Amino acid sequence: MSSRNHRLAAAVILAGALGAGLAPAHAAGKLCRLRISANDLMQYDKQELSAGPGCSMIEVTLTNTGKLPAAAMGHDWVLVRTEDLAGVANDGLAAGLANNYQKPGDPRIIAATKIIGGGESTSVTFPASRLEPGGSYMYLCTFPGHYVLMKGVFHFR
Ligand code: ZN
C-alpha cells in the first residue's frame with residue numbers, strides 16, 4: 001500500500017514536471033538572442049549565425065565597433081533567402097541612406113536592422129515562423145558595396 005502510493009505520487013510529480021516544462025514554451029515562447037558586430041574594415045565578426053526551431057522569437061543585436069559615421073561606413077543586418085541576396089542588395093542601392101539602403105516594403109527582406117554608424121548598436125526581433133527549418137538563408141549589409149564582403153549564412157534547423 002505504501003509502495004503503491006509512492007508510485008502514484010511519483011507519477012503525479014513527473015506529469016507536473018512535464019507540464020511545467022511544456023507550458024512556458026507554448027504560452028510565452030522562447031526568445032533566442034544572437035549578437036554580431038561590424039567594423040570599419042567592412043567586416044562582420046561572424047560568418048554564420050544559428051537559431052533552432054525551438055526559438056519562437058529571434059532577436060539579433062548588431063554593434064558597429066568602428067569609428068566612422070553611418071554615411072561613410074554604416075552597417076545594417078538584413079536577413080534574406082539565399083537566392084534573394086544580390087537582388088535585395090542591388091535594390092537597396094537606390095533606396096538611399098534615408099531608407100537604410102533597403103527598398104521600402106521589400107517582401108524579400110525577412111528581418112532587418114537600421115543602418116548604424118561607429119559606436120552604435122541596434123537590434124531587430126522577429127518571429128521564427130518567418131523561417132522554414134532547413135531553408136537556405138543568408139544575412140548581409142546593404143550599405144553600397146558592402147555585401148560582397150559583409151554576408152554570412154543563417155542556419156535555422
Ligand atoms: Zn556594411
Side-chain angles (χ1 to χ4, degrees), residues 18-157:
L18 282 172
L22 289 172
H26 286 286
K30 183 182 171 196
L31 173 65
C32 296
R33 292 189 168 94
L34 303 174
R35 298 190 153 273
I36 187 166
S37 66
N39 62 27
D40 283 344
L41 298 176
M42 218 188 288
Q43 293 166 334
Y44 284 129
D45 69 329
K46 293 182 178 122
Q47 273 65 57
E48 44 189 291
L49 289 172
S50 299
C55 310
S56 56
M57 296 293 287
I58 299 170
E59 177 190 83
V60 176
T61 299
L62 169 70
T63 301
N64 186 337
T65 59
K67 294 193 173 0
L68 297 169
M73 184 57 74
H75 303 298
D76 61 1
W77 183 90
V78 178
L79 181 63
V80 298
R81 289 184 174 277
T82 298
E83 67 261 30
D84 292 333
L85 189 79
V88 167
N90 289 333
D91 287 352
L93 295 177
L97 180 57
N99 290 307
N100 298 298
Y101 295 108
Q102 297 159 19
K103 182 183 170 186
D106 192 336
R108 298 168 298 182
I109 293 177
I110 298 166
T113 70
K114 61 181 182 177
I115 293 266
I116 54 170
E120 294 183 291
S121 187
T122 187
S123 64
V124 59
T125 304
F126 59 98
S129 58
R130 291 188 194 166
L131 304 171
E132 294 164 19
S136 181
Y137 302 98
M138 291 191 78
Y139 55 86
L140 71 149
C141 173
T142 57
F143 193 97
H146 286 199
Y147 92 94
V148 175
L149 290 173
M150 297 188 70
K151 62 186 172 188
V153 177
F154 191 92
H155 300 285
F156 185 68
R157 61 188 181 212

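All values reported here derive from a predicted model rather than from experimental measurement. Note that ligands are numbered from 1 as they come in the structure, with each ligand's atoms numbered from 1 the same way. Heavy atoms only: backbone and side chains are in, while hydrogens, waters and symmetry mates are out.
- Taking all atoms of both residues into account, the shortest heavy-atom contact from Ala71 to Leu97 is CA-CD2, 3.9 Å.
- For the side-chain hydrogen bond (donor to acceptor under 3.5 Å, both in side chains) condition, the pairs that include at least one residue of residues 143-157, sequence neighbours left out, are Glu48-His155, His75-His146, His155-Arg157.
- A search for ring pair (Phe, Tyr, Trp, His ring centres under 6.0 Å) contacts involving Tyr44 returns Tyr139, not counting sequence neighbours.
- Counting heavy atoms from C-beta on, the side chains of Lys67 and Asp40 come closer than 4.5 Å.
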Legend entry - Candidate pair Leu131 and Ile58, rule side-chain contact (heavy atoms from CB on, under 4.5 Å), full reasoning: CA-CA 10 Å; Leu131 304 171; Ile58 299 170; 4.0 Å; yes

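- Among protein atoms, those of element N, O or S found less than 2.8 Å away from the Zn ion (ligand 1) are His75 ND1, Cys141 SG, His146 ND1, Met150 SD.
- Applying the side-chain hydrogen bond (donor to acceptor under 3.5 Å, both in side chains) test to pairs two or more places apart or on separate chains, those with a residue in residues 119-129 are Thr63-Ser121.
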